[in-house]
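Remember, predicted model here, so these are calculated numbers, not experimental data. Read the numbers this way: they start at 1 and go in the same order the structure lists the ligands and their atoms.
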Amino acid sequence: MPFDLASRLAERRAAHLYRHRPLLETPQQPEVTVDGAPLLAFCSNDYLGLASHPDVIRAMQQGAERWGVGGGASHLVMGHSTPHHQLEEALAEFTGRPRALLFSTGYMANLAAVTALVGQGDTVLEDRINHASLLDAGLLSGARFSRYLHNDADSLAKRLDKATGNTLVVTDGVFSMDGDLADLPALCATAKAKNAWVMVDDAHGFGPLGKTGGGIVEHFGLGVDDVPVLVGTLGKAFGTAGAFVAGSEGLIETLIQFARPYIYTTSQPPAVAYATLKSLALLRSESWRRDHLNGLIARFRQGANEIGLTLMDSPTPIQPILVGSSERALKLSSALRERGILVGAIRPPTVPAGSARLRVTFSASHSEAQVERLLDILAECWNQMAKEPETDA
Ligand SMILES: *Cc1c(COP(=O)(O)O)cnc(C)c1O
């Protein structure tokens, strides 16, 4: 029978993999109402607490009054407006790159960059746990596609030896489901030795990492020669929406000429770019947000270790608790939810089978007391679950 959707859906449900969309009935902030219930949330990517910042909201309102609501056309036709242009200049200056190019989403920025740079006869090498948008981009490009072992420069080197044509090495900066950092010093040196280019998608590093929030390249002090293609997204720590690619003049002109996900789409609303100029200024200057966030992360890791939870090697606001089976991950997240805590259960295929986890994330808008509450309730639920036998692998 063609399109047997019902059995596909039933299979997914039986495997504890069925997805639901929690309905958020309040703005993005620690205390939320979800599906009618008041909850304390630890699952947004609003790491610096800028998504509901009054100055950013005001900038969005002013931007809409001044520039209207819609982008109106693609960038190449008549949709490239002054706020877009100013934001690109500010992002270039921020990242220390000659130029930056604005996109409506990170998914599109990644598709654009990879498919404009490599194609048939070329090679794209990716970390095996890269974000789905990077893996999709590599497959779509038509280049020879291969995944190296997670964060392993030796595994990368072996693949580089077999590479043909232009070779692009692609990695998350901060890995989105594990929270660990790409070993960029080693990966970049390995790539450089073989004349390959490195592309870093630092969706989760911009904001929390680096002295001024410049992300993993600021953290490691890497310039455009080390990381020729640098991607950032604006919907996470920036608190708004969109994404950018930063790099050389030649790279940005190449994307404008050849990148189909750039060319064939309407520009983002100019008011969003206008608001992002404000959130960029806050992200750079208010380093107390990073300091407070790092304090929360340190306290959580200490408390979680005392409970006996398995954390990952993460210095970032992404602090996954490894649980194992999808069923147990769901069970723990629903136990937390019954006690007023919202944390996302991340299951295959987003993460490898057997490594389902609770993805706890922190924001500068959380208080220390809220982290203590999370730890108390986690201890209660974890001890409760330890007493119950596992019924499913
Ligand atoms: C969220 C994310 C993206 C996608 O960005 P959007 O702007 O949400 O489309 C890309 N890469 C990584 C690593 C991400 O975490």
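Taking a heavy-atom cut-off of under 4.0 Å, ligand 1 is surrounded by T105, G106, Y107, N110, H131, S133, D172, S176, D201, A203, H204, T233, K236, G242.
One N or O on the side chain of R289 and one on the backbone of L48 form a donor-acceptor pair closer than 3.5 Å.
Counting Ile, Leu, Val, Met, Phe, Trp and Tyr side chains that sit under 4.5 Å apart, directly or through other members, Y107 shares a hydrophobic cluster with L111, L140.
Geometrically, R13 engages Y18 in a cation-pi contact, judged by NZ or CZ lying under 6.0 Å from the ring centre and within 45° of the ring axis.
For the ring-ring contact (aromatic ring centres under 6.0 Å, His included) condition, the pairs that include at least one residue of residues 294-353, sequence neighbours left out, are F300-F362.
When the salt bridge (Lys or Arg N to Asp or Glu O under 4.0 Å) test is applied to E368, no partner is found at least two apart in sequence or on another chain.
Using the six-membered ring where Trp is involved, F42 and H366 have ring planes that are parallel, under 30° apart on the 30 and 60° scheme.
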